[in-house]
Q: 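Before I ask anything, let me first share the structure, which is written out below as structure tokens.
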Amino acid sequence: MLSPGLAPSHGVARARPDTAAWLARCGRLTAICGLLLGFWPAVARAQADRPRFDALVARGDSAWTAGRFPAAKAAYREALAIDSTGSSRATYRLAVIHSWDGDLPRALALFRHYTVLEPRDEEGRIALARAYAWNGETDRAVALSDSILARDSTYRDAALAAAQAAAWGGRFRDAVGRYDRWLRFNPKDVEAELARARTLAWWGRLAEAERAYLAIAARGERLEAEKGVALVAGWRGDLGRSERLWRAIATRLPKDAEGWVGLAQVLRWSGRPDDAKAALDRALAADPANADAAAQLRWVRADLAKAAEPFVTASWDSDDNRSFSFGDGISFRPFKGGRLTVGGLHRRAELGQATGRSHAGRVSLRVAAGRSATLTFEGGVTRTSADGPAGATSRTAPTAAAVATVRLTSGLSFGGGVRRSVFDETASLMAAEIDVTSASAEFELALPGRWTLVGGGERAKLRGGSGPNERQAGFGSLRLRARRSLSLAASARGFGYDEQRRDGYFSPARYRLGEGSIRWSPGRDLGWAGLFEVGLGGQEVRFGAEPAVARGTQRAAVGLGYRPGPGSEIMLDYAFSNVSATASGPAGGSIYRAHALSLRARLIW
């Protein structure tokens, strides 16, 4: 209980809120004064630097008008460091320059700042939407463009920016739908028609894209439509036709950099980097600032550069085979159209108490023969040794190969060759000292739409081990490219040996496999990339005169890689397969499971 002297009176109780309010007001006034005192020097400095700020903006404007963008960038940056709100024009132009330079984080920050300075400028909001799209932020780009269309559905730049952002984000159906809606009310908008045709090509609907380009050309817009047809022809694999179309454009308009860039890309796809470089030199002579030509030149220089391809692989299976391999290959161009590769491999394999070692060296030469053929010649030597309970073996054997690939028509290519190699995958095979001589052929046929059919066969003769043997094999696959990074396939393959041997290799009289698979390859040409593949199917295996055994099969592959620049990458892969029964019997034989883990790289200099 408080004493009477400490008991609060009503008078004191009324005075305290007034005092508190007075103190609060004093605190606010003190804070405002502090802010003013802190802000006043900045304002004073800004006022003092105003002549310098105006001079820098004027310098940047002059450089911008003259096309001297590095100078404009330097002037605008220095000006905005003095006063970030002093010139919305400088803010916008600096954002544009950063976007051209590929510095999208800074460009986005400046575009966002510009929309705060100029909230009624819809063109600035569209520029921000485009920057979002370039940065891969598709949802933000489309949402921002749609917010503009919600106020004005006839705003052309917003409608096309939304469609373009959707296309760049891989939302091709949405993009084409947006172009179709726009063209329904604006049927004479040729730029929108061209963008729609280009999106169809990105989507993989190449025949439809070509028809759209030809329809545009028939109405008089020939140049851009011709470029579209040339591009689609290249994407369809008709490299000869694409080259003719691009070369005609470049010859007719030698100052058109885009024509030379298109020709260079087809020449690069054709395996002719020297010719591609010459075309890019023409493109840059016509337009030194052409970003596409500069980007293509980086890839062409990577094709022309020296390269090293080191790798390390570990594998193991349910039969207790274990192996570890590593090697490298160094390649360079000894002359125009040729690439020479010198490589080596070391493998150590174990099975129980048996150990095998294999050392191989090879030299190969790949030569571009004309515009549609490639020849590869290879020679080398392999030394194997093995030791175990049965004793020790050692030998040296030559290896060789000759392979040719030819593009017969726009959609059909054919390849074939002969090869002599050493069967050295496991310790048992190294001890058996088996050589393989084979002849093979295969084809690839582009079908309408996004379908591709591949197939081929092989006949091989084996010498060594417990006796000679022969193998006949064939395969076929129908693949659908559903999206740029997603494909589906239905495959079949089979092989059979004349004799069943027990020298460490799987030698059934007949083996058949049918499989459905899906492959997803996320990522872009540069930066992080991945690979995910799953296959499920069924097999039938028969040994000698015994009844055939049927089983289900499964396999999977996972890869993660990084590409720091054109021509360079490092990749980590893991693969699992359960695709064969190793023996027959009442239970259908034992199941064979195999695993492989590899780290590989490609480095250029």
Side-chain angles (χ1 to χ4, degrees), residues 126 129-130 133-134 138 141-142 145 149 156-250 252-253 256-266 269 290-292 295-296 410-411 446-452 480-486:
I126 291 171
R130 290 195 180 106
W134 293 334
T138 304
V142 172
S145 299
L149 292 171
R156 178 180 182 275
D157 287 350
L160 298 190
Q164 190 176 60
W168 287 350
R171 292 161 44 178
F172 301 120
R173 188 181 302 278
D174 179 26
V176 172
R178 288 173 179 272
Y179 285 125
D180 287 340
R181 287 194 295 274
W182 177 259
L183 289 167
R184 192 177 302 125
F185 300 100
N186 303 274
K188 296 183 179 180
D189 191 334
V190 176
E191 184 180 346
E193 283 189 294
L194 289 167
R196 177 184 179 275
R198 185 165 53 249
T199 302
L200 287 169
W202 292 345
W203 195 1
R205 295 164 63 173
L206 300 177
E208 191 175 344
E210 183 167 346
R211 288 195 297 271
Y213 279 125
L214 290 173
I216 297 169
R219 293 198 298 275
E221 299 291 337
R222 298 198 58 84
L223 178 59
E224 295 302 322
E226 286 175 3
K227 291 178 179 178
V229 173
L231 180 67
V232 170
W235 286 1
R236 296 180 77 174
D238 193 347
L239 300 181
R241 180 185 175 217
S242 182
E243 181 183 347
R244 289 193 299 273
L245 291 171
W246 281 119
R247 197 173 290 280
I249 294 170
R252 189 170 75 248
L253 300 168
D256 185 350
E258 188 177 4
W260 291 110
V261 172
L263 175 61
Q265 185 159 52
V266 174
W269 289 342
N290 190 286
D292 290 337
Q296 281 287 326
S410 61
L447 300 175
R450 290 162 285 164
W451 295 90
T452 303
L480 169 65
R481 187 181 181 187
R483 295 183 64 177
R484 185 178 301 182
S485 60
L486 181 67

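Just so it is clear, the model here is predicted, and its values are computed rather than measured.
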Q: Mind listing the side-chain donor-acceptor pairs of residues 222-230 below 3.5 Å, one per line with the distance, residues two or more places apart or on another chain?
A:
from: Glu226; atom 1: OE1; to: Arg252; atom 2: NH2; distance (Å): 2.8
from: Lys227; atom 1: NZ; to: Asp256; atom 2: OD1; distance (Å): 3.4
from: Lys227; atom 1: NZ; to: Asp256; atom 2: OD2; distance (Å): 2.7
from: Lys227; atom 1: NZ; to: Glu258; atom 2: OE1; distance (Å): 2.9

Q: Say you draw a straight line from CD of Gln164 to CH2 of Trp134; how long is it, rounded to the nearest 0.5 Å?
A: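 CH2 of Trp134 is found 8.0 Å from CD of Gln164.
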Q: Tell me every residue that passes side chain to side chain contact (heavy atoms under 4.5 Å, CB included) with Arg171, counting only those two or more places apart in sequence or in another chain.
A: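 Testing Arg171 for side chain to side chain contact (heavy atoms under 4.5 Å, CB included), a comparison that skips the adjacent residues, returns Thr138, Asp139, Val142, Ala166, Asp174.
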Q: Ser145 and Ala129: which non-hydrogen atoms are nearest, and at how many Å?
A: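 Scanning both residues, the minimum pair turns out to be OG-CB, 3.6 Å.
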Q: Considering residues at least two apart in sequence or located in another chain, which fulfil the side chain to side chain contact (heavy atoms under 4.5 Å, CB included) criterion with Arg173?
A: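 By the side chain to side chain contact (heavy atoms under 4.5 Å, CB included) rule, Arg173 matches Trp203.
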Q: State, to 0.1 Å, how close Leu206 and Ala201 come at their nearest heavy-atom pair, and which atoms those are.
A: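 Closest approach of Leu206 to Ala201, heavy atoms only: CD2-O, 3.5 Å.
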Q: Do Tyr179 and Leu160 come within less than 4.5 Å of each other through their side chains, counting heavy atoms only?
A: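 Sidechains of Leu160 and Tyr179: in contact.
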Q: Looking only at heavy atoms, which two atoms of Ala209 and Val232 are closest? And how far apart?
A: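 Closest pair (atom of Ala209, atom of Val232, distance): CB-CG2, 4.1 Å.
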Q: Sequence neighbours excluded, which residues qualify as side chain to side chain contact (heavy atoms under 4.5 Å, CB included) partners of Leu183?
A: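 Expected list: Asp189, Ala192, Glu193, Arg196.
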Q: Compare every heavy atom of Ala175 with every heavy atom of Ala167, then report the nearest pair and how far apart it is.
A: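 Nearest pair, atom of Ala167 first, then Ala175: N-CB, 3.6 Å.
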Q: Return a table of donor-acceptor pairs under 3.5 angstrom between the side chains of residues 210-217 and protein atoms on other chains or two or more places apart.
A:
from: Glu210; atom 1: OE1; to: Arg236; atom 2: NH1; distance (Å): 3.0
from: Glu210; atom 1: OE2; to: Arg241; atom 2: NH1; distance (Å): 3.0
from: Glu210; atom 1: OE2; to: Arg241; atom 2: NH2; distance (Å): 2.8
from: Tyr213; atom 1: OH; to: Arg198; atom 2: N; distance (Å): 3.4

Q: Holding to side chain to side chain contact (heavy atoms under 4.5 Å, CB included), I want the full list of residues that pass it with Asp292, two or more places apart in sequence or in another chain.
A: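 Result, side chain to side chain contact (heavy atoms under 4.5 Å, CB included) vs Asp292: Val261, Asn290.
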Q: Is the closest side-chain heavy-atom distance between Trp182 and Arg178 below 4.5 Å?
A: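 When only atoms from C-beta onward are counted, Arg178 and Trp182 do not touch, as no gap falls below 4.5 Å.
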Q: For Phe172 and Leu200: C-alpha separation, side-chain torsions, deciding distance, then whether side chain to side chain contact (heavy atoms under 4.5 Å, CB included) applies.
A: CA-CA 7 Å; Phe172 301 120; Leu200 287 169; over 6 Å; no
